[in-house]
Amino acid sequence: MIKHGPVDVVVVAGGIPRFDGSIYAELERLAQAGIIRVLDAMLLVKTEDGQVGRLELSDLPKEDQAALGMMSDETRGLFDLDDEQTLAEGMVPGSIVFAMAVENLWAVRLVNAFDQAGAELAFQTRVPALVVDEAFASRPTVAKK
């Protein structure tokens, strides 16, 4: 039996986005459904003059901190200064990098069901979504009969 699911580190980069609540709403939906658990998150901003700042969750207004209740205090802080420096190196001026560690809770139930049926997890890997999209896009179309 396993206690924790595999953890994905998701890094999103780009220009300064419009935060309209839709990202949080989707994370909250997935967390409430028991599909994922957000372990930690980090937001870096690189100004036009090249200065990098890290927005800490504790820097947020109290009402925004409360909205991040899906993240346990015991898992916050997984991203450290080394992670920050590594991600900041690739940033262009006027951009953001948002990183989060997400535990796949669905895998705990599935792997444990296999365990109870007498099988055990032998191997696991993750194929990035962009690779999957490219693989499907490159498939020849099959004519319908």
Side-chain angles (χ1 to χ4, degrees), residues 1-140:
M1 299 283 274
I2 63 172
K3 294 181 182 178
H4 298 282
V7 174
D8 291 321
V9 175
V10 179
V11 178
V12 181
I16 306 299
R18 296 175 318 279
F19 290 113
D20 62 2
S22 60
I23 297 167
Y24 172 76
E26 183 58 17
L27 288 171
E28 185 177 44
R29 183 188 72 76
L30 292 168
Q32 287 180 351
I35 297 168
I36 65 165
R37 178 168 71 132
V38 179
L39 302 174
D40 197 14
M42 174 176 61
L43 178 66
L44 301 177
V45 179
K46 189 173 225 178
T47 62
E48 291 296 337
D49 65 358
Q51 298 295 312
V52 176
R54 178 175 176 171
L55 178 64
E56 297 288 344
L57 297 176
S58 58
D59 295 336
L60 294 172
K62 291 291 182 203
E63 61 274 9
D64 292 339
Q65 286 183 37
L68 292 172
M70 73 179 85
M71 249 187 293
S72 169
D73 287 339
E74 64 194 38
T75 63
R76 290 181 185 172
L78 295 175
F79 291 113
D80 61 15
L81 186 56
D82 288 340
D83 298 319
E84 178 180 336
Q85 291 172 341
T86 299
L87 291 173
E89 286 176 13
M91 294 178 71
V92 298
S95 68
I96 62 104
V97 166
F98 179 72
M100 66 181 160
V102 179
E103 180 180 10
N104 293 288
L105 295 177
W106 62 267
V108 175
R109 293 186 299 271
L110 179 60
V111 169
N112 287 341
F114 273 109
D115 183 64
Q116 290 178 354
E120 64 182 55
L121 180 64
F123 176 75
Q124 177 180 335
T125 188
R126 176 62 56 108
V127 178
L130 293 175
V131 174
V132 174
D133 286 346
E134 289 171 4
F136 277 108
S138 68
R139 290 179 40 179

I need the minimum non-hydrogen distance between Ala99 and Leu87, along with the two atoms involved. CB-CD1, 4.0 Å
Rounding to 0.5 Å, atoms CG (Leu110) and CG (Leu105) come to a distance of 13.0 Å
Answer yes or no: does atom CD of Glu26 have more than 12 heavy-atom neighbours from other residues, nucleotides or ligands under 6.0 Å? yes
Leu30 CG to Arg37 CZ distance, which is reported to the nearest 0.5 Å: 15.0 Å
Rounded at 0.5 Å granularity, tell me how far CD1 in Ile2 sits from CD in Glu120. 12.0 Å
Using a 3.5 Å distance criterion without hydrogens, assess whether the side chain of Asp8 forms a donor-acceptor pair with backbone atoms of Val10. no
Validation row: Ile36, Leu27 side chains within 4.5 angstrom (heavy atoms): yes
To the nearest 0.5 angstrom, please state how far the CG atom of Leu55 sits from the CZ atom of Phe98. 10.0 Å
Of the non-hydrogen atoms in Asp40 and Gly77, which two are nearest, and what is the gap between them? OD2-N, 3.1 Å
Given 3.5 Å as the limit, does a donor-acceptor pair link the side chain of Arg109 with the main chain of Gly34, or not? yes
Val111 vs Gln124, side-chain contact (heavy atoms from CB on, under 4.5 Å): CA-CA, chis, key distance, verdict: CA-CA 11 Å; Val111 169; Gln124 177 180 335; 5.7 Å; no
Can you name the nearest heavy-atom pair linking Ser95 to Met91, along with the distance? O-CE, 3.4 Å
Ignoring hydrogens and geometry, is there a side-chain-to-backbone donor-acceptor pair from Asn104 to Gly5 under 3.5 Å? no
Correct closest heavy-atom pair for Lys3 and Val108 would be O-CG2, 4.2 Å
Okay, side chain of Asp115, backbone of Met1: is any donor-acceptor separation there less than 3.5 Å? yes
Of all heavy-atom pairs between Val97 and Ala13, which one has the smallest distance, and what is that distance? CG2-CB, 4.0 Å
Rounded distance (nearest 0.5 Å) linking atom CG of Leu121 with atom CG of Asn112: 10.0 Å
So, taking the atom named CE in Met42 and the one named CG in Asp80, what distance separates them when rounded to the nearest 0.5 Å? 8.5 Å
Is the shortest heavy-atom distance from the side chain of Leu39 to the side chain of Val7 under 4.5 Å? yes
Distance-minimising heavy-atom pair for Leu44 and Arg54: CD2-CB, 3.6 Å
